[in-house]
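One structure is given here, and the rest of the page talks about it.
Numbered from 1 within each chain, the chains take letters A, B, ... in sequence-line order.
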Amino acid sequence: MMIIYKDTVSAVLSLMLGVIVLLNSQHLEIGTLSDLGLGFVPTMLGTLFCVFGVLLIIKPGNEILELPKFNFRAVSILLTSFVLFSNIIESTGLIITVLLVSVTTRMMYRGLTMSNTIILSILNTALVVILFHYILELHITLYPKWTFLTIL
Amino acid sequence: MDILNNFITGAVDILTWKNFLWCISGAFLGTALGVLPGIGPMTAMTLILPLAFYVDPLTALVILSATYAGAIYGGSTASILLNLPGTAASSVTCIDGYPMSLKGKGGTAMMITAATSFIGASVGIVLIVSLAPVVANLALMFGPTEYFALMLFAFSAIITVSTESRIKNFIMLALGILFGIIGTDANSGILRFNLGFYQLNDGISIILITMGLFGVAEIIHKLSTDLNVDIKKISSIWPTKDEWKLAIPSGLRGSLTGSFFGILPGAGPTISTFVSYILEKKISKDSTKFGHGAVEGIAAPEAANNAANQTAYIPTLALGIPGDAAMPLILAVLMIHGIQPGPGFIATNPDLFWALCASFVLGNVILLIINSGMIQLWIKVLEIPYTVLYPSIVILMCIGAYTVNNSSFDILIMLSFGVLGYLLKILSFNLTPAIIGFVVGPGIEEHFRRSLTISQGDFMTFFSSTISTVFLVMSVIILIWPLLSRVLHLTEKNKLL
């Protein structure tokens, strides 16, 4: 099996980042010593990323890259929860968003019954609404923007 | 006398019911979150940070600093009882804390930890009160060249004084600076690296970066880890007379080591805990007991950890340069309330500074009481199922990120930093230089440009004042020190041969 060192991967990433930064800072002026342009620091950073990448390739450490145990189901549900919150908070308001995200995040764990999930999610939502809306008076609408629901 | 008078004035400000309750809440919440193995002080602080928008600056600083101190105190509980360090700094406590727990002396270890943490934090507070105003007064004489040199020195310290690879620290620092310059340049109005997203025109908030790199990344990491809570039975809590005799002097020695490393910008508590542990082992009459439940093995690192966390406030408050990874959040609180951190901070906000110092003392006493008197409660906290915990944390983080600009895009920024932080963790990168680079980066660019503009491009301007020359020379020495010490070591070896 091929052995990959952590520093080798880090070096490649650093080199790639350096090249991207250098390419993206081409439109920025470097300027002169007495009048430095906005491109000076990015160009320097891009160059440094490349230099450090090369240094890591020349003298890598001996830590072997082992892919860690990865709970794909739990992590993907976690990431989905963040995206879900971001997508619906403005249209559905705090209550429905927190309720939906609470139910979704609890799916990270196997073995939780549906009734437990619902009870814990409702409790969670109630606490969030009390803390952020009533105590801290946060400016997030509680209810969805749909007219028929705002009547509630 | 001035210091005492100012301190008493600060104490009067802090001893209102409101601040007192916030301080207790912060200490309690911080300890509870710190006790849990998947949640370190950074995550605890980022969860509390959104509160800072809705309270006055003093209350915000009090609750955040109490949470931080509480999480540091609490971090040792999981290290001792479960062999699961909450932070890199508390990993040293595992070495002797867990063997003590296996012997049924987990309660004793926690009591020693609480007492020596109190000693460490107290030494740190004394140093803040006596040194920060002096340093700030000195810094009032600084111009752009001195600032540039000081920031360069801070960067050198971050890169060198760390247990991780120096090249990797360099990369992280550069990455932090890169993130720091994203957005519109204040002088010219030109956009840099906004990647086509108008939401990045004002730059990225420190809150999103810390929440992502530390909070989200930590949760992703812990979700894939088996967190089995198997707490050994605790037979005794109160240490014996002999154990106290060993713990107190070790705690004092650890406090001094920790205080020194805490003052160095970016050095942070991790290195101080390792150094104090090694020192204790070296001076001990019986070094073989280390690793098997030596009292000094937990007393010194815990004191060092807490002292370093306190003295990290000195560069943060006096110079505006974060002392460790958590300090940018303290700076963020000041900036949220329109207070400019830096040398002028203490002179223009003496009430705030002295009240904050008084709150450190109050928080430290509260923490000693709740950590020594409520050991059984913290053991119960360890048993809270993650099915209850993580969903609540995810929602708190989402709301925290959303409230920064009332923008749902910010949640995605935080998430992106979370994924990046997780990948960097796998590759063994230290995230602290990135956070400090992010905060200090735009400042160093600004001072560098200004110095050269004033001197009309003359590089010798950086050596025109004694202060900047001293900082620049120190930066070079720190950077080449590893090489220098190797050469000196070889010469000494050759002489012996």
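Nearest heavy atom pair, residue A:Ser86 against residue B:Ser408, reads O-CB, 2.9 Å. Taking both residues in full, the closest heavy atoms of B:Ile181 and A:Pro42 are given as CD1-CG, 3.8 Å, listed atom of the first, atom of the second, then distance.
Looking at A:Ser14, only its side chain comes within 4.5 Å of chain B, counting heavy atoms on both sides. With a 4.5 angstrom heavy-atom cutoff, B:Ser392 touches chain A via backbone and side-chain atoms both. For A:Leu127, no part lies near chain B; criterion is any non-hydrogen pair under 4.5 Å. Heavy atoms closer than 4.5 Å to chain A are found in both the backbone and the side chain of B:Leu175. Contacts between A:Val103 and chain B at a heavy-atom distance below 4.5 Å are absent for every atom of the residue. For chain B, the nearby parts of A:Phe52 are the backbone and the side chain; heavy atoms of each come within less than 4.5 Å. Contact of A:Ile88 with chain B is not made at all, since no heavy-atom distance falls under 4.5 Å. Interface residue A:Met108: only side-chain heavy atoms are found under 4.5 Å from chain B. For B:Ile182, no part sits under 4.5 Å from any heavy atom of chain A, backbone or side chain. In this structure, chain B has a heavy atom under 4.5 Å from the side chain of A:Val128, while its backbone stays farther away. Contact annotation for A:Leu123: neither backbone nor side-chain heavy atoms come within less than 4.5 Å of a heavy atom of chain B. Contact annotation for B:Thr453: both backbone and side-chain heavy atoms come within less than 4.5 Å of a heavy atom of chain A. Contact of A:Phe82 with chain B is made through backbone and side chain together, with heavy-atom distances under 4.5 Å.
Each of A:Val101, A:Leu78, A:Leu120 has some count of heavy-atom pairs under 4.5 Å with chain B, and the biggest count is that of A:Leu78. Comparing B:Ile399, B:Ile177, B:Asp185 by how many heavy-atom pairs each has under 4.5 Å with chain A, the most go to B:Ile399.
Relative orientation of the B:Phe448 and A:Phe40 rings is parallel, given thresholds of 30° and 60° on the angle between their planes.
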Go through the steps to decide whether A:Glu90 and B:Tyr402 satisfy the test side-chain contact (heavy atoms from CB on, under 4.5 Å), and finish with yes or no.
CA-CA 10 Å; A:Glu90 276 161 12; B:Tyr402 182 74; 3.4 Å; yes
